[in-house]
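Below you'll find the structure, written out as structure tokens, and then a few comments.
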Amino acid sequence: MVEDATRILSNVVASQVDIHARYGGIVPEVASRQHLTSILPVLKAAMGEAKVAWQDVNGIAVTRGPGLSGSLVVGVNVAKGIALARSLPLVGINHLEAHIYANWLGKQQPVFPCLCLIVSGGHSDLVLMSGHGQFRRLGRTRDDAAGEAFDKGARILELGYPGGPAIEAAARGVAPARALPRAWLKGSDDFSFSGVKTALLHLVQGEDSLSRSFVTGAAASFQQAIIDPLVMKTLEAAERLSVRQILLAGGVAANKALRDSFNDCSSFPVLIPPPNLCTDNAAMVAACGYYRLQLDQASGFDFDVLPGLSFD
Ligand code: KG4
Ligand code: ZN
């Protein structure tokens, strides 16, 4: 629940991490069932924490994609039901845009034009934002997303799920010990992370057993090999386009080494949401919805989920 897109009244997250950790990754069928059992209690908790009644609510925002269709269907249908019952405007939101809007929930408001790096479990996009709702995608990953690479790398190093926080913890305070390749893709704003993942696999296959010092050194090297192209390519694009700010978004933006690297290397102001607003949350969807409704872009009731939605 947010007020004016900038003030969080409540932000309740029902994490499924513990459940999926048992399987080493997200199981779509389990995810949608969990959504179904969690969504009404979460809604109730969000209303309670915000201390608002339904008559205080001006609109409903819900993610319509990209994502797992089963989970999206649960959210969209509950949102439609509430909007219909309460005669509220409803707006279907692009989850990637919502990640960017986590930056409006801080003290410092973003200014346009800004360059947005969205790094999540399914996407790594470099996007020019010239106004509310105005996006041009410059680059994307050609294979694995940055978060996906962290998750796969953690599996290779037997560090568990979710991989990003596990790699970050293993690499904390450790110098990169191994040479791993970076995909620079010169002349393009695209990224690629499958090569570094394969190189890590070869490194592990060359070991008889995974000692703690090998794992931490490899984790630090792997983390750095993902961070370097993200930072350097974003800064290159920011200079070329003369943007006023860089905005980071998505679960991987919770990574401290990535945050530090941007803050150390950038001559542009860099906005990064606090870690709990980088990973999936409802407040960012509500902030995005606020601006969509300001632009008179309510969705109506006939929209469907779009699991493959992108910035194109
Ligand atoms: O944005 P998000 O919460 O969900 C998606 O929309 O995908 O991102 C989840 C991804 C996972 O791949 C997870 O491993 C990664 O973000 N992640 C991190 C960190 N925290 C979450 N990656 C690196 N360092 C972290 N601290
Ligand atoms: Zn996300």
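First listed ligand is number 1; within each ligand, the first listed atom is number 1.
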For [atom], what's the nearest protein heavy-atom neighbour? Residue, atom name and distance, please.
atom	answer
atom 21 (C) of ligand 1	Gly251 O, 3.4 Å
atom 24 (N) of ligand 1	Asn255 ND2, 3.0 Å
atom 22 (N) of ligand 1	Gly164 CA, 3.2 Å
atom 2 (P) of ligand 1	Asp280 OD1, 3.4 Å
atom 13 (C) of ligand 1	Asp151 OD1, 3.9 Å

Practice item. Report the relative orientation of the aromatic rings in Phe191 and Phe193; use parallel for angles under 30°, tilted for 30 to 60°, perpendicular for over 60°. Key: parallel

Exercise for review: Take the angle between the ring planes of Phe150 and Phe222 and call it parallel below 30°, perpendicular above 60°, tilted in between.
Suggested key: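 Rings of Phe150 and Phe222: perpendicular, over 60°.
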
Exercise for review: Out of Lys256, Glu168, Arg259, indicate the one that has the non-hydrogen atom closest to atom 26 (N) of ligand 1.
Suggested key: Glu168

Review point. Can you list the atoms of ligand 1 that are under 4.0 Å from a heavy atom of Thr279?
Key: 3 (O)

Point to revise | Element-labelled atoms of ligand 1 that are located less than 4.0 Å from some non-hydrogen atom of Gly122 | key: 7 (O)

Review point. Are Phe311 and His123 close enough that their ring centers fall under 6.0 Å?
Key: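 They do not qualify: ring centres at least 6.0 Å apart.
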
If you measure from the Lys or Arg side-chain nitrogens to the Asp or Glu carboxylate oxygens, is any gap between [X] and [Y] under 4.0 Å?
X	Y	answer
Arg140	Asp125	no
Asp264	Arg259	no
Lys197	Asp144	yes
Arg155	Asp151	no

Practice item. Heavy-atom distances under 4.0 Å are what count here, so tell me which part of His95 touches ligand 1: side chain, backbone, both or neither. Key: side chain

Exercise for review: Have a look at ligand 1 and work out which part of His99, if any, has a heavy atom under 4.0 Å from it: side chain, backbone, both or neither.
Suggested key: side chain

**Study point:** Within 45° cone and under 6.0 Å: Lys80 NZ/CZ vs Phe303 ring
**Key:** yes

Practice item. Would you check whether Gly147 has a nitrogen or oxygen atom less than 3.5 angstrom from a nitrogen or oxygen atom of ligand 1? Key: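 N/O-N/O distance below 3.5 Å exists for this pair.
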
Practice item. Answer yes or no: does an N/O atom from Gly121 fall short of 3.5 Å to an N/O atom of ligand 1? Key: yes

Check your understanding: Do Gln16 and His35 pass the side-chain hydrogen bond (donor to acceptor under 3.5 Å, both in side chains) test, and can you show the C-alpha distance, the side-chain angles, and the key distance before you say yes or no?
Key -> CA-CA 9 Å; Gln16 301 186 9; His35 261 69; 3.2 Å; yes

Exercise for review: Please note down the angle at the Zn ion (ligand 2) between NE2 of His95 and OD1 of Asp280, to the nearest 10°.
Suggested key: 100°

